[in-house]
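Below is one structure, written out as structure tokens, with a few remarks after it.
The basis for the numbers below is simple: all heavy atoms, side chains too, and nothing from hydrogens, waters or symmetry mates.
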Amino acid sequence: MREITYEQAGTEAILEEMRRDPRTFHLATDAPPPLLAEFGPQRVRATPIAESALTGIAVGAAGSGFRPIVNWSQVTFAFVAMDQIVNQAAKIHYMFGGQVTFPMVFRAQVGGGTRRAAQHSQSPYSMFMNVAGLKILLPSTPADLKGLLKTAVRDDNPVISFESGRLGGLVGPVPDGDHTIPLGKADVKRAGTDVTIVAFAWLVHEALAAAEALAAEGISAEVVDPRTLVPFDVDAVRASVRKTGHLLVADEAGPTAGASAEVAALVTEDPETFAALRAPVRRVCALQVPIPYSPGLEDHVFPDRRKIADGVRAMLSGARAA
Amino acid sequence: MSTPSPELQREMLRQMQTIRRFEERASDDFRAGDIYGVVHSYIGEEAVAVGVCAALERRDQIISTHRGHGHCIAKGADLNRMMAELYGRATGYCKGKGGSMHIADFEIGMLGANGIVAGGIPIVTGAGLAAQLEGEGRVAVAFFGDGASNAGPFHESVNIAAAWKLPMIYVCENNLYAVQTPAAKSLAQPDVASRAAGYGIPGVVVDGNDVLAVHAAATAAVARARAGDGPTILECKTYRWRAHTERPNQPDSRPADEIAAWKQKDPIGRLVAHLQAQQGQLTEDEWQAMDAAILAAIEDSVAFAKASPFPTPESALEDVFAD
């Protein structure tokens with residue numbers, strides 16, 4: 001199978017969908033050269049650095065029959081547009097009684113590890129999960145990014161694609177042809193029997209590395225990648241936990257009211273899954289701090305393969321969470 | 001400047017009076033407890049919505065504000081579905097999900113009232129971009145108040161529309177107060193339209209209580225937009241007769257003599273006088289008959305609303321996402 005980077009996969013998805021549907025167009029504060037070269041300045045617009053307006057413009061164009069694709073570049077800039085995201089894009093279909101659809105895709109980098117400090121290193125997707133009316137992608141591989149993004153462009157709702165900045169250069173196989181992935185389908189990235197590790201985005205890869213290390217110790221870890229946060233494939237996560245009896249959730253965001261907390265709640269409030277648990281659910285998340293700059297500080301804040309493996313060992317040995 | 005035909009003038013009068021009678025009833029029924037939450041009355045400002053929308057075609061799009069009933073009516077919305085929405089009924093425009101601040105009718109290009117000051121301006125600018133991409137000569141209109149003109153999304157949107165020559169008309173209803181705060185204390189310059197110079201586009205100030213002047217200025221701005229020459233800021237100086245909202249115990253610190261003086265400039269009374277001054281264009285009997293028909297239509301809309309079912313509780317889960 002063809003191998004391309006995560007970043008290339010995202011661009012391919014947009015190129016293919018813009019070819020497929022002339023009602024799509026692209027808004028960002030820069031016009032990406034491959035898009036501009038193929039579709040020209042009418043459909044590939046470099047906007048002023050005015051995220052509130054460009055996000056609202058997407059809402060209005062979506063309600064007028066188009067399928068805008070907006071790249072905020074980084075989630076930190078999405079905060080400048082929060083009224084348009086939270087009060088307008090998320091609610092407009094509902095509060096107008098479903099009169100018309102508002103198909104739009106927003107892309108934003110999340111995560112840390114790039115030494116860019118607090119404003120350019122964050123993973124606030126749970127804030128958006130809390131707003132009814134937004135679908136949310138959090139892909140971990142080139143193939144998942146491409147397949148989910150293509151589906152998102154065809155979806156009739158606002159979809160935010162949160163893309164890990166650490167994964168931009170990650171190379172992986174991507175199927176040829178019209179590769180789409182339905183939203184709300186988790187992917188078991190590694191099968192196992194002793195413990196379920198639910199991990200997001202970059203941490204899927206750290207969890208896979210941890211699983212490899214644990215395998216050498218005779219511990220069989222299953223790594224489940226939800227791939228989308230809204231809709232969330234609760235059945236897949238519960239099924240895995242019922243099989244293994246143990247759940248560890250790894251998230252590059254802080255734990256407080258995070259996606260990790262949602263996963264823990266979804267697992268423990270289901271009687272059958274709760275009864276199958278043989279240890280308390282454990283979370284391995286970032287520390288609840290703004291992300292600091294200096295390398296030693298930043299690396300200390302984030303979870304990684306070692307912290308995940310340590311968490312699994314502690315859980316299986318019956319030790320209490322730190 | 002061509003004067004609208006007597007027929008169009010009478011139609012504008014009918015629309016303005018429909019707005020006034022609708023708003024009177026909405027306030028009454030709000031106080032009676034049949035309408036919930038909040039109602040913002042458009043009384044006094046009718047000439048702005050009607051004068052502008054009379055210059056538009058059905059395919060053109062508008063967006064409104066929290067004070068949105070007038071724009072709906074002027075764009076041609078159905079009174080029954082409007083009143084049913086205020087009454088929170090399943091037959092309302094938004095199936096009872098929106099209420100007074102979120103009435104929309106996308107079929108007639110009414111992209112919704114909006115509860116966030118300046119929140120609708122970027123959205124309707126997106127409708128303007130859609131119109132430009134389609135290239136069929138549609139235009140889009142943002143209605144907003146003097147308060148919104150001080151907010152970032154206004155400036156961001158006008159700048160983009162000017163830079164891209166979007167077919168937009170930005171209609172500022174300057175009613176001199178942002179909730180309680182006088183525009184004189186919050187605008188660096190008294191004319192919102194003067195800001196157009198900063199974006200290199202026309203800025204026009206009109207008497208917002210003169211529907212013919214509003215219509216003439218809007219017609220020029222629409223022609224400019226349709227021709228691909230870009231946006232215009234059209235500032236209509238007007239005044240709301242009632243407090244910011246109909247909620248009880250709303251403070252209204254505006255001077256009584258100021259309110260009384262603006263009532264002397266009643267946009268409806270002025271058009272009636274104008275038509276009656278011209279032989280045969282509107283007799284007193286015709287005017288009384290027009291008003292009676294309007295009152296009957298409002299009464300019908302209330303009857304429709306009252307006869308309509310409330311939405312089922314389960315329908316709260318519908319339309320979060322499109323299928």
Side-chain angles (χ1 to χ4, degrees), chain A residues 22-25 27 41-43 45-68 70 80-84 86-104 131-135 155-159 183 230-231, chain B residues 61 63 85 90 92-99 101-107 109 111-135 138 140 151-161 163-164 166 311 315-316 318-323:
Chain A
R23 309 283 294 178
T24 55
F25 66 91
L27 293 177
Q42 277 293 101
R43 288 178 68 198
R45 301 217 173 200
T47 72
I49 302 173
E51 285 80 7
S52 178
L54 75 93
T55 302
I57 284 171
V59 176
S64 304
F66 282 81
R67 290 183 173 273
V70 174
V80 181
M82 277 309 245
D83 171 54
Q84 289 299 328
V86 177
N87 283 320
Q88 314 293 346
K91 299 181 168 75
I92 197 165
H93 181 261
Y94 185 84
M95 75 184 185
F96 292 155
Q99 289 185 32
V100 296
T101 57
F102 292 86
M104 49 193 141
V131 178
L134 302 172
K135 294 188 178 181
D155 196 283
D156 279 340
N157 297 281
V159 183
L183 309 189
V230 182
Chain B
Q61 291 166 293
I63 213 160
E85 187 60 35
Y93 265 116
C94 311
K95 305 177 189 168
K97 299 260 178 60
M101 277 190 290
H102 305 303
I103 299 184
D105 183 352
F106 282 72
E107 289 276 312
L111 306 187
N114 203 301
I116 307 298
V117 167
I121 300 175
I123 297 173
V124 75
T125 302
L129 174 58
Q132 186 184 66
L133 288 168
E134 280 172 352
R138 258 188 323 114
F154 165 74
H155 296 276
E156 292 184 16
S157 299
V158 174
N159 178 59
I160 289 176
W164 294 355
L166 298 183
S315 71
E318 295 169 1
D319 293 325
V320 178
F321 291 110
D323 295 332

Going through the distances and angles, do A:Phe102 and B:Ile123 end up as a side-chain contact (heavy atoms from CB on, under 4.5 Å)? CA-CA 11 Å; A:Phe102 292 86; B:Ile123 297 173; 6.0 Å; no
Check the pair A:Phe96, B:His102 against side-chain contact (heavy atoms from CB on, under 4.5 Å), reporting the backbone distance first and the verdict last. CA-CA 7 Å; A:Phe96 292 155; B:His102 305 303; 3.7 Å; yes
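In this structure, the separation between OG on A:Ser64 and CG on B:Leu129 is 9.0 Å, given to the nearest 0.5 Å. For the atom pair A:Ile57 CD1 and B:Trp164 CH2, the distance stands at 5.5 Å (nearest 0.5 Å).
Among B:Pro122, B:Gly92, B:Ala163, B:Gly120, the residue making the largest number of heavy-atom pairs under 4.5 Å with chain A is B:Pro122. Among B:Gln61, B:Glu318, B:Glu134, B:Glu107, the residue with the largest count of heavy-atom pairs under 4.5 Å with chain A is B:Glu134. Options A:His93, A:Gln84, A:Arg23, A:Arg43 differ in how many heavy-atom pairs under 4.5 Å they form with chain B, and the most are formed by A:His93. Between chain B and the residues A:Val100, A:Thr101, A:Asp156, the largest count of heavy-atom pairs under 4.5 Å involves A:Val100. Interface check for chain A: of the options B:Ile103, B:Asp323, B:Ile63, B:Ile160, the most heavy-atom pairs under 4.5 Å are formed by B:Ile160. Between chain B and the residues A:Thr55, A:Asn87, A:Ile92, the largest count of heavy-atom pairs under 4.5 Å involves A:Asn87. Counting heavy-atom pairs under 4.5 Å between each of B:Thr125, B:Leu133, B:Asp319, B:Asn114 and chain A puts B:Asp319 at the top.
With a threshold of 4.5 angstrom between heavy atoms, B:Ala140 does not approach chain A through any atom at all. Using a 4.5 Å cut-off between heavy atoms, A:Val230 contacts chain B through its side chain alone, with no backbone atom that close. With a 4.5 Å cut-off on non-hydrogen atoms, A:Phe66 touches chain B through its side chain but not through its backbone. Both the backbone and the side chain of B:Ala316 come within less than 4.5 Å of a heavy atom of chain A. Of the atoms belonging to A:Leu27, it is side-chain heavy atoms, and not backbone ones, that fall under 4.5 Å from chain B. Interface residue A:Thr47: backbone and side-chain heavy atoms are both found under 4.5 Å from chain B. Proximity to chain B is limited to the side chain of A:Asp83, based on heavy atoms less than 4.5 angstrom apart. With a threshold of 4.5 angstrom between heavy atoms, A:Lys91 does not approach chain B through any atom at all.
With A:Gln99 contributing its side chain and B:Tyr93 its backbone, the two residues share a donor-acceptor pair below 3.5 Å. Proximity of a side-chain donor or acceptor of B:Lys97 to a complementary backbone N or O of A:Tyr94 within less than 3.5 Å is not detected.
For A:Arg45, the side chain to side chain donor-acceptor pair (under 3.5 Å) criterion is met by A:Gln42, B:Gln132, not counting sequence neighbours.
Shown here for A:Ala53 and B:Glu156, the closest heavy-atom pair between the two residues is N-OE1, 2.8 Å.
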